[in-house]
Each structure stands twice: as C-alpha cells, then as structure tokens.
*Asks:* 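The structure's right below; bear with me while I get my questions together.
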Amino acid sequence: MQFKVMFVCLGNICRSPLAKALFEKHVNDSGLQDLFLIDSAGTSGNHAGENADLRTLRNAKENGLFFDHTAKKFTPEHLKDFDMIVVMDRSNERNVKSLSNDPADHKKVHLMRKWDHEGYAEDVPDPWYGGHEGFEEVFQILSRSTAKLMQELASD
Ligand code: 4NP
C-alpha cells in the first residue's frame with residue numbers, strides 16, 4: 001500500500017510543483033520511492049495544462065533541481081483519494097476544506113509550514129508578483145519543510 005501525498009497551492013505552477021519535486025527527491029534519496037504516491041494540484045484551474053512557471057524552473061535549476069510538470073486543478077475526488085493534503089497557505093486550506101463537509105477529509109489537510117522548524121510564518125508566500133528573492137525564499141522554505149515531512153512519514 002502506497003501512502004498518497006498531494007501538495008496544493010493556488011495555480012499549481014509555482015509552489016506546489018516545487019514542493020512535489022523536492023519531496024520526491026528526499027523520498028528517492030532515501031530509497032523509499034515504492035512507499036509513496038506523490039502529486040500536486042492547484043485550487044484554481046487557471047493554469048491547467050501548463051508547465052511550471054519559468055521563474056520557478058530557473059530557480060530550481062540554480063539549486064540543482066530539474067523537473068517537468070503539467071498543472072491541474074484540485075478536485076473533490078483528490079480529497080477523498082489522497083491520505084494527506086499539504087497546502088501552501090491558509091487560503092489554499094480554506095479552499096480545499098470547502099470541497100467537503102466530512103471531518104475525516106478535513107483531518108487530512110495540513111499547512112506545509114507545520115514542518116518548517118526555522119520559519120515563524122504559517123504560509124509559504126506566493127512568489128507570483130515578486131522578484132527573484134521570492135522564488136529563492138520559497139525554494140529554501142520548501143526544501144527544509146519537505147525534508148522534515150519526509151523524515152516524519154518515514155519514521156511512522
Ligand atoms: P502558485 O502561484 O499558487 O504557487 O502556483 C501562483 C500562480 C499563478 C497565480 C497566482 C499564484 N495567478 O494569479 O495566476
């Protein structure tokens with residue numbers, strides 16, 4: 001049985017595809033790839049079908065991470081099907097939870113920065129309107145948060 005983890009942001013072109021790629025890297029580096037099914041989606045379908053944002057891809061490449069991506073919209077079926085939904089910010093959290101009235105579904109939803117032990121904010125900031133520093137900050141937040149998440153899940 002695979003543990004199914006879904007990373008969610010708004011557009012599914014900046015934060016959540018990067019979170020997926022970083023989490024995947026930690027899982028693969030630990031040789032645990034058979035234990036996990038990992039995916040990402042956006043609460044808005046506005047960028048469905050697109051690759052990740054070029055600025056996200058460029059920044060990831062500068063950090064030695066290469067990945068490909070096709071954006072898609074998060075659906076109520078994802079909420080039923082996945083074991084854990086990791087959202088980037090509180091707005092994503094509200095949007096995801098609004099798709100179901102079932103408390104069991106709501107319990108699956110967690111803020112990404114719950115696993116950021118160096119940060120003091122609840123949200124992974126949306127880098128869309130910012131400059132290069134914003135993308136680097138998001139990379140660093142997601143790199144350490146996904147590493148902690150992976151350690152926690154691997155020890156279960
Ligand atoms: P993401 O970033 O939610 O991290 O993928 C955004 C992508 C697109 C937009 C906003 C945020 N947008 O307004 O189109």
Side-chain angles (χ1 to χ4, degrees), residues 3-28 36-100 105-153:
F3 189 76
K4 299 180 184 177
V5 186
M6 168 73 88
F7 294 93
V8 176
C9 60
L10 174 63
N12 192 219
I13 54 173
C14 296
R15 293 165 294 174
S16 62
L18 180 60
K20 180 196 173 202
L22 284 163
F23 184 73
E24 235 162 29
K25 183 183 181 317
H26 299 312
V27 166
N28 292 343
F36 292 97
L37 190 151
I38 309 162
D39 206 349
S40 76
T43 58
S44 138
N46 287 350
H47 294 274
E50 295 177 16
N51 201 340
D53 187 282
L54 276 178
R55 297 164 295 176
T56 294
L57 290 171
R58 196 179 305 128
N59 178 260
K61 195 170 145 194
E62 284 166 14
N63 283 288
L65 181 72
F66 300 82
F67 64 94
D68 207 11
H69 174 66
T70 304
K72 63 172 174 284
K73 184 174 165 67
F74 185 81
T75 66
E77 290 71 35
H78 290 136
L79 185 51
K80 281 278 166 238
D81 190 39
F82 278 75
D83 300 301
M84 179 181 261
I85 314 290
V86 183
V87 293
M88 298 300 122
D89 63 35
R90 286 164 291 175
S91 157
N92 308 148
E93 184 181 36
R94 279 192 299 278
N95 289 332
V96 166
K97 285 184 173 175
S98 75
L99 297 174
S100 169
D105 290 338
H106 288 197
K107 268 185 75 177
K108 298 176 182 179
V109 184
H110 303 267
L111 284 168
M112 180 83 266
R113 291 194 86 167
K114 178 176 163 183
W115 291 280
D116 180 6
H117 297 171
E118 288 176 39
Y120 300 98
E122 290 186 82
D123 297 337
V124 180
D126 181 347
W128 177 254
Y129 293 107
H132 175 266
E133 317 74 49
F135 286 85
E136 179 60 20
E137 185 193 6
V138 166
F139 188 95
Q140 296 304 330
I141 291 169
L142 291 178
S143 186
R144 56 184 188 247
S145 306
T146 53
K148 280 281 178 216
L149 171 60
M150 152 69 210
Q151 280 170 17
E152 185 179 307
L153 291 176

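Note that these values count all heavy atoms, side chains included, but never hydrogens, waters or copies made by symmetry. Position 1 is the first residue of the sequence, and the numbers go up from there. Counting convention: from 1, in listed order, for ligands and their atoms alike.
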*Asks:* Considering only NZ, NE, NH1 and NH2 on the basic side and carboxylate oxygens on the acidic side, decide whether K97 and D105 come within less than 4.0 Å.
*Replies:*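 Between D105 and K97 there is no salt bridge, as every charged N stays at least 4.0 Å from the carboxylate O atoms.
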*Asks:* Less than 4.5 Å apart, side chain to side chain, heavy atoms only: is that true for H69 and L18?
*Replies:*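 No; the side chains remain at least 4.5 Å from each other.
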*Asks:* Is there a heavy atom of D126 sitting under 4.0 angstrom from any atom of ligand 1?
*Replies:*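 Checking ligand 1 against D126, which is what was asked, there is a heavy-atom contact under 4.0 Å.
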*Asks:* May I ask you to identify the nearest protein heavy atom to atom 1 (P) of ligand 1, giving residue, atom name and distance to one decimal place in Å?
*Replies:* C9 SG, 3.5 Å
*Asks:* Would you mind running through ligand 1 and noting each atom that sits below 4.0 Å from a heavy atom of C14?
*Replies:*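 That gives atoms 1 (P), 2 (O), 4 (O), 5 (O) of ligand 1.
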*Asks:* For atom 14 (O) of ligand 1, grab the closest protein heavy atom and report residue, atom and distance to one decimal in Å.
*Replies:* H47 NE2, 2.8 Å
*Asks:* What atoms of ligand 1 come closer than 4.0 angstrom to any heavy atom of I13?
*Replies:* 5 (O), 7 (C), 8 (C)
*Asks:* What I want to find out is whether D123 reaches R113 closely enough, with some N-O distance under 4.0 Å, to be called a salt bridge.
*Replies:*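 No, no charged N to carboxylate O under 4.0 Å.
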*Asks:* Should the proximity of M88 to ligand 1, defined as any heavy atom under 4.0 Å, be assigned to the side chain, the backbone, both, or neither?
*Replies:*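 Neither; no heavy atom under 4.0 Å.
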*Asks:* Identify, by atom number and element, the atoms of ligand 1 in contact range of G11, meaning under 4.0 Å from any of its heavy atoms.
*Replies:* 1 (P), 3 (O), 5 (O)
*Asks:* Given side chains that start at C-beta, do those of H110 and M84 come closer than 4.5 Å, heavy atoms only?
*Replies:* yes
*Asks:* Side chains of H132 and E62 only: does a donor on one sit below 3.5 Å from an acceptor on the other?
*Replies:* yes
*Asks:* Salt bridge or not between K4 and D81? Use side-chain N to carboxylate O under 4.0 Å.
*Replies:* yes
*Asks:* Please report which non-hydrogen protein atom sits nearest to atom 13 (O) of ligand 1, along with the residue it belongs to and the distance in Å to one decimal place.
*Replies:*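 Here the closest protein heavy atom is W128 NE1, 3.7 Å.
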*Asks:* Just checking, any donor-acceptor pair under 3.5 angstrom between side chains of N63 and E136?
*Replies:*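 Result is yes, a qualifying pair exists.
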*Asks:* Please state which part of D53 comes within less than 4.0 Å of ligand 1, counting heavy atoms only: side chain, backbone, both or neither.
*Replies:*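 Neither; nothing of D53 gets under 4.0 Å from ligand 1.
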*Asks:* Is there a nitrogen or oxygen of L10 sitting under 3.5 Å from a nitrogen or oxygen of ligand 1?
*Replies:*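 There is such a contact, yes.
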